[in-house]
Amino acid sequence: MSAEAAAAPAAAKTGGWEPKIVAFCCNWCSYGGADSAGMGRFQQPASTRIIRVMCSGRIDPLHVFNAFLEGADAVLVTGCHIGDCHYVNGNDKTKIKYKYLENVARELGIEKERLQLNWISASEGEKFANFIRDVTAQIKKLGPSPLKPEGVA
Amino acid sequence: MSDIKGTENKGAVAKDNEEKRVGVFVCECGVNIGGVVNTKAVADYIGTLPGVKVTSVNKFTCSDSGQADIQQKIKEHNLNRVVVAACSPKTHEPTFRACIEQMGLNQYFLEFVNIRDHCSWIHMWEKEKATEKAKDLIRMGVERSKLLEPLQASEVPVTDKALVIGAGVAGMQSALDLADMGFQVYLVEKEPSIGGRMARFDKVFPTNDCSICILGPKMVEVARNKNIKIMSYSEVKAVEGYVGNFNVKVEHKPRYLDVAKCTGCAKCSEVCPVEVPYDFNEGFGTRKAIYVPFPQAVPLRAVLDKENCISCKACAKACQSGAINYDMQTSYTDINVGVIVGAVGFKTYDPEPRHDFGYGLYDNVITAMEFERLLNAAGPTGGHVVRPSDCKEPIRVGFVNCVGSRDKATNIYCSGVCCMVTIKNAQLLKEKRPETDHTIMYIDIRTPFRGYEESYNRSRALGVKFLRGRPVEVKEDPVTKNIKVRVEDTLANEIRNLEFDLIVLATGIVPHEGINQIQQLLKLSKAADGLLMEAHPKLKPVDTTIDGVFLAGVASGPKDIPYAVSQGSACAGRATILLKNKKAITEGITAVVNPEVCVGCQVCIPMCPFQAIKMDETPYLNTGIKKANVVKALCKGCGTCVTACPTGALEQSHFKNNQLLAQIKNVFKFQEVAA
Amino acid sequence: MQKSEMYVGWSTKEDVRKRGGSGGLVTSMLAAALEKKLVDAVVVLKKINEFEAVPIITSDVNEVLNSAGSLHSVPSNFAKLIANRNLKVALPAKGCDVRGIIEQGKRNAINLDNTFIVGLNCGGSMHPVVTREMLEVMYKLKPEDVHGEEIEKGKLIFETKDGKEHAITIDELEEKGYGRRESCRYCTIKVPNNSDIACGNWGVTGDLVGKATFVEINSEKGAKLLQNAIDAGYVQVQKPDEKGIAMRAKIKGVMEDLGKKWKGKVFVPIDNGRLEYFRKELEHCIDCGACKAVCPTCSCGDVSKCTEYHFRGDAYKMSMYHLVRFLHLADACIGCGQCSDVCPVDIPLTRLYRRFANPVQEQLKYEPGMDMRKPPYFEVKLNE
Ligand SMILES: Cc1cc2nc3c(=O)[nH]c(=O)nc-3n(C[C@H](O)[C@H](O)[C@H](O)COP(=O)(O)OP(=O)(O)OC[C@H]3O[C@@H](n4cnc5c(N)ncnc54)[C@H](O)[C@@H]3O)c2cc1C
Ligand SMILES: Cc1cc2nc3c(=O)[nH]c(=O)nc-3n(C[C@H](O)[C@H](O)[C@H](O)COP(=O)(O)OP(=O)(O)OC[C@H]3O[C@@H](n4cnc5c(N)ncnc54)[C@H](O)[C@@H]3O)c2cc1C
Ligand code: SF4
Ligand code: SF4
Ligand code: SF4
Ligand code: SF4
Ligand code: SF4
Ligand code: FES
């Protein structure tokens, strides 16, 4: 175990703990929204790691689960606003698949803050930043995910 | 029994045995990144990751010297994967793809990591955390890069012929431009004559020139063009295939006469005893069961309306060229084209069912389209505007704008042209008969384009009154049949009670059956207004999500004639790129089915908005199962089907499950400790 | 003959009628379908002993006739047996078999147009291992001595070779943890109206009790099956009496209510520690894959998303395999109990899988296996 990894739980106790959040973003909207947040210099906690896919329709529950099992404290599913999907209606399908995901997560006992869906357009940089701020604050309150394996940072 | 994978493996194993030699290039972007992220520390850490052969920090990686550095290191270290950690792939990925491709690497061997927009710019005051995050992001990219596979954008041949559906002014323009560029064009029009809406107007705003005088010659030009084959009184019934290679079935409705023999002399209509309301005149006046659509019709041929024909055979006797054939059948033509332009236009909002402003209840409430026909010298009254109740010429005319537009109860959007239509119509009548008195009741007057505001000013100067307000009550005087209107003048802040001889409703633009029809045939999508949707409202206004299919005119949203014509030309221009190159480049990132794994469950089929997945016609090898297959030319690479496939037989190239999972797993510093 | 008509009928072959679960109508109807080439094959259970039988696909009329009789301790499911075989087939099917077959139909693995489904009313089935234990503990009988078994008036009756009958109420058995499989207790498909024709003994009255089968036609295919059997001289039918129809409806209602009650009992909400609950239950999973292979609604082959990204070396707090399956089955699980039955380490899988399926299926108002409606996720329409 690396020193970094061992130090992580201790950091969590001291309150300086930074959650690790995995955000899935679609290339055309929410990823662009994250770019706009940067261009607007909307400051955010350094909690989030973005995984880019072409469309929110590609956000596979398999990957969401894997992120949790690997140690994500929260997973964000994001895409274009309904009606704006670059591929006509990929996000409509995401919406339905998300219902399944949400139910499974709830039954498993994963707190609802840890799995969130949000539609963010490429111009909504501030919205993206606020979203990350809000989620990070919520997760800080909740603490590390119960699915996080031992010794993972 | 099928044991599930029991390996001790972490999954992120490359299938190919080639050693992965990764070079990582960290950009400082001046101080944009370098001022926050400790790039040196990042590079040092990344250099310790397995497979990373070289790391490099540049002030501007995208600059010539930065790119030269990448190219040199590819050579020096024999790199086969390149990770660039800089700004956004949305802007700079193409640059670096080209850069590595020049060195003989497949362009998809580039992995782009965003440590500026997603890191330094948003953690400006947390330098340490930003540095740690940059390490994570690049580690994710490095692991993903090792799993990247080479891809080739593929090419499909393009048949150098075009189909234009709808021969209104937009479709005609498109057909003419394409034909003038030397391509064969099929122009399919469902009515017996080409021309569309514009052929019915008297004058066109803002200049009020005679509509048919400018349209007529264009229609003749279309007819005379050797490269254009007009298929009038015809409809597209089926479309198969994809960009470059559409197989289209066109249905020709029977005219019950031989068009080759008919001269359009209209002797037949003279003798026909049946009279029915004339649809071309918006139901005003009558036509015969056999008729020539209108004097300037192209093709100038009669058409027999079988529904109303009483089979008296009088027309057959009257026709000197023996063109009439009562037994004619529906016929079909199969054509193959490379591109399709949809220009099917619109219809106007029908106020009848809701009886908006008394329409359908009171004789003297008519629509602007009906008014256009009354104004027209070739119309039912020879250009005299009369009111339906007593055929008297009205003096006091009230116009109501935004009927069926900008209204939650009907359509919320603005139809764009109605303000100008009303202004034009009031002007035209005022000019013809100065004694008339006109009041336009409006919500807002919108005159955005060249000459529009001037036209509006001219109306005012002519004495047309503008009243801001929507009638709240419209009643007919049972004796005089005049129309009494109660309307709030919202500028003067008072209720006014007005009496008119005639009310004209500026009914908005709404989708018609043709829109649904071609939406389904071409697999297009619709916008919120029910009209067809363009690929991008700003940057791709005439493209659609289906490659090789373009849209012109009101079919893709309300517009006026100049705008519709421009779009017709724009479509021709866009289409020519394909027709001229004789090939279409299709997306390199597509879905791919592994037939060994596919079980033919068809879950993927309805997922694809582009109908790109087809089931094989025959079973795969000796499995007895028909497998799914992605038609590359149709696939846009969204990956939605890949998510749905339960077996994992479907993969999206460049976003494969193992590639994305490698990224996910490396968010966490798990791997180093998992001994 | 047409949809929703009801009849009481029996086999014209005396021995089949005698051996049959009620009137031997089902086997005779299947045999007639085979003989008259309505189908090319029939699925039946080939009995080994009271507790064991293997499903076979046969084209032998006699083999079909020999299968007459109900085996309550053979909780097989026929859906996967006929999947991807492109058969023109007729088969008997409990509610859960029917649902499995329909789900395979939706996934294109069974052509339902070529599949004649003879539904069997089902009050529940028992697990063979549990049944043996029950015989020893509750009935004080040696399983080898048992000669036949029957359910009557809420009692489970075993007949021993010496001709004696031994009866205990099912309620009592289930209180002690025996009796029907847990999933059968809360199953509410008691009369399989999702099949082509539903057959059972409920509704048979008077002298005919035990000697006739009550049928309800659910589809054109069902009508064809029955008419064919009559025409071929294999079965005789008559109209049922009003009393019988009412009785059948009543028992059906009572059984469904009982099922709902059981559902409430089994799925008591877990307010806290759900994650821990699932983790504990799955702790001993040995990744054998049997639960996937047997699941009648899953149409994947050996390779699938649940298996390919699951690695034993991962130090995860929850099985990747099961997590993916929880999601994939959320709208598909029919609660057939097959997975629980087959698990070598006795994980109560159906109970776990239903925990996820119940809320999703309720929320989406979607009941898998009951009709041809596609799961909501497959249904997303263009531009809507
Ligand atoms: C009352 C009124 C007055 C107007 N006055 C003016 C004006 O003065 N100045 C101005 O600039 N604009 C005016 N406009 C706007 C103008 O009508 C449009 O901009 C113009 O007609 C758009 O042309 P188009 O080719 O897109 O559609 P259309 O003219 O509607 O042509 C579409 C063609 O497609 C055909 N079609 C439909 N469905 C099918 C099918 N399934 N298969 C084959 N063919 C099909 C139709 O029959 C028609 O011929 C006015 C609009 C209205 C409603
Ligand atoms: C587990 C079970 C529980 C039942 N519970 C009820 C009930 O509560 N109420 C009611 O009215 N009817 C019930 N039935 C149906 C009833 O027992 C008869 O099967 C039905 O009335 C048809 O009788 P038959 O004489 O016409 O069938 P038969 O001619 O005896 O034919 C029965 C057919 O079913 C097949 N079969 C036997 N056991 C099974 C099994 N376990 N799984 C699948 N196929 C099997 C045989 O292979 C045979 O082909 C149940 C049946 C089963 C199998
Ligand atoms: S990736 Fe998208 S476009 Fe391609 S086949 Fe799948 S759903 Fe269709
Ligand atoms: S969803 Fe997957 S397994 Fe099913 S048909 Fe499509 S590619 Fe094959
Ligand atoms: S699950 Fe239902 S249909 Fe299946 S055996 Fe049990 S009770 Fe019968
Ligand atoms: S998950 Fe279990 S109970 Fe559900 S359908 Fe599959 S085998 Fe049956
Ligand atoms: S049958 Fe049991 S042991 Fe085997 S994979 Fe399923 S849960 Fe695990
Ligand atoms: S492209 Fe953003 S959701 Fe489909």
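In what follows, chains carry the letters A, B, and so on, assigned in the order in which the sequence lines appear, proteins first and then strands, with residues in each chain numbered from 1.
- Among all heavy-atom pairs drawn from Gly57(A) and Thr643(B), the shortest one is O-OG1, 2.7 Å.
- Taking CG of Leu660(B) as the start and CG of Asn66(A) as the end, the distance is 11.0 Å to the nearest 0.5 Å.
- With rounding to the nearest 0.5 angstrom, the NZ atom of Lys133(B) is 10.5 Å from the NZ atom of Lys20(A).
- By the neighbour-count criterion of 12 heavy atoms within 6.0 Å, atom NZ of Lys99(A) is sparsely surrounded, having that number or fewer from other residues, nucleotides or ligands.
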message: For Val53(A) and Gln652(B): C-alpha separation, side-chain torsions, deciding distance, then whether side-chain contact (heavy atoms from CB on, under 4.5 Å) applies.
response: CA-CA 10 Å; Val53(A) 287; Gln652(B) 181 188 11; 5.8 Å; no
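- In Ile412(B), the CD1 atom is not crowded: 12 or fewer heavy atoms of neighbouring residues, nucleotides or ligands sit closer than 6.0 Å.
- Residue Phe128(A) does not touch chain B at all, counting heavy-atom pairs closer than 4.5 Å.
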Verdict with reasoning, Met140(B) to Ile51(A), per side-chain contact (heavy atoms from CB on, under 4.5 Å): CA-CA 9 Å; Met140(B) 290 157 65; Ile51(A) 312 253; 3.9 Å; yes
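- Of all the listed residues (Ile122(B), Thr640(B), Asp136(B), Asp117(B)), the one sharing the greatest number of non-hydrogen pairs under 4.5 Å with chain A is Ile122(B).
- Chain B forms the most heavy-atom pairs under 4.5 Å with one residue out of His86(A), Lys148(A), Arg52(A), and that residue is Arg52(A).
- For Asp84(A), no part sits under 4.5 Å from any heavy atom of chain B, backbone or side chain.
- When each of Ala34(A), Cys85(A), Ala67(A), Gly32(A) is scored by its heavy-atom pairs under 4.5 Å with chain B, the top score falls to Ala34(A).
- Using a distance-only test at 3.5 Å, with no hydrogens or angles considered, a donor-acceptor pair links the side chain of Lys90(B) to the main chain of Asn27(A).
- In this structure, the portion of Phe42(A) lying under 4.5 Å from any heavy atom of chain B is its backbone and not its side chain.
- When all heavy atoms of Leu661(B) and His63(A) are compared, the closest pair comes out as CD2-CD2, 3.7 Å.
- When each of Gly90(A), Gly71(A), Ser47(A) is scored by its heavy-atom pairs under 4.5 Å with chain B, the top score falls to Gly71(A).
- Annotation: maximal heavy-atom pairing with chain A below 4.5 Å, among Cys638(B), Cys641(B), Cys119(B), Ala535(B), occurs at Cys638(B).
- Neither the backbone nor the side chain of Ala129(A) has a heavy atom closer than 4.5 Å to any heavy atom of chain B.
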message: Could you walk me through whether Tyr31(A) and Asn114(B) satisfy the side-chain contact (heavy atoms from CB on, under 4.5 Å) test, starting with their C-alpha distance in whole Å, then the side-chain angles of each, then the deciding distance to 0.1 Å, before giving a yes or no?
response: CA-CA 11 Å; Tyr31(A) 190 91; Asn114(B) 190 335; 3.4 Å; yes
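- Heavy atoms only, all atoms of each residue included: Pro609(B) and Lys93(A) are closest at CD-NZ, 3.8 Å.
- Of the two parts of Glu126(B), only the side chain, counted from C-beta on, holds a non-hydrogen atom closer than 4.5 Å to a non-hydrogen atom of chain A.
- Between chain B and the options Ala37(A), Ser36(A), Pro45(A), Cys26(A), heavy-atom pairs under 4.5 Å are most frequent for Pro45(A).
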- request: Assess whether side-chain contact (heavy atoms from CB on, under 4.5 Å) is satisfied between Val22(A) and Phe668(B), documenting all intermediate values.
  value: CA-CA 10 Å; Val22(A) 174; Phe668(B) 310 94; 4.0 Å; yes
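- Within 6.0 Å of OH on Tyr108(B) lie more than 12 heavy atoms contributed by other residues, nucleotides or ligands.
- For His118(B), the part lying under 4.5 angstrom from a heavy atom of chain A is the side chain only.
- Put simply, the side chain of Ile664(B) reaches to within 4.5 Å of the side chain of Phe24(A), judged on heavy atoms.
- Closest of all the heavy-atom pairs between His123(B) and Gln44(A) is ND1-O, 2.7 Å.
- Here the shortest heavy-atom pairing between Gln43(A) and Trp121(B) reads NE2-O, 2.7 Å.
- Listed options Lys129(B), His654(B), Arg144(B) were ranked by heavy-atom pairs under 4.5 angstrom with chain A; first place goes to Lys129(B).
- For Asn32(B), the part sitting under 4.5 Å from any heavy atom of chain A is the side chain, from C-beta outward, and nothing else.
- Ranking Ser88(B), Ala528(B), Gly648(B), Ala644(B) against chain A, the residue ahead of the rest is Ser88(B), based on heavy-atom pairs under 4.5 Å.
- Between chain A and the residues Asn657(B), Leu137(B), Thr91(B), Ile589(B), the most heavy-atom pairs under 4.5 angstrom are made by Asn657(B).
- Taking chain B as the reference chain and counting heavy-atom pairs below 4.5 Å, the highest number among Met54(A), Lys97(A), Arg58(A) is found for Arg58(A).
- With a 4.5 Å cut-off on non-hydrogen atoms, Ile132(A) does not touch chain B at all.
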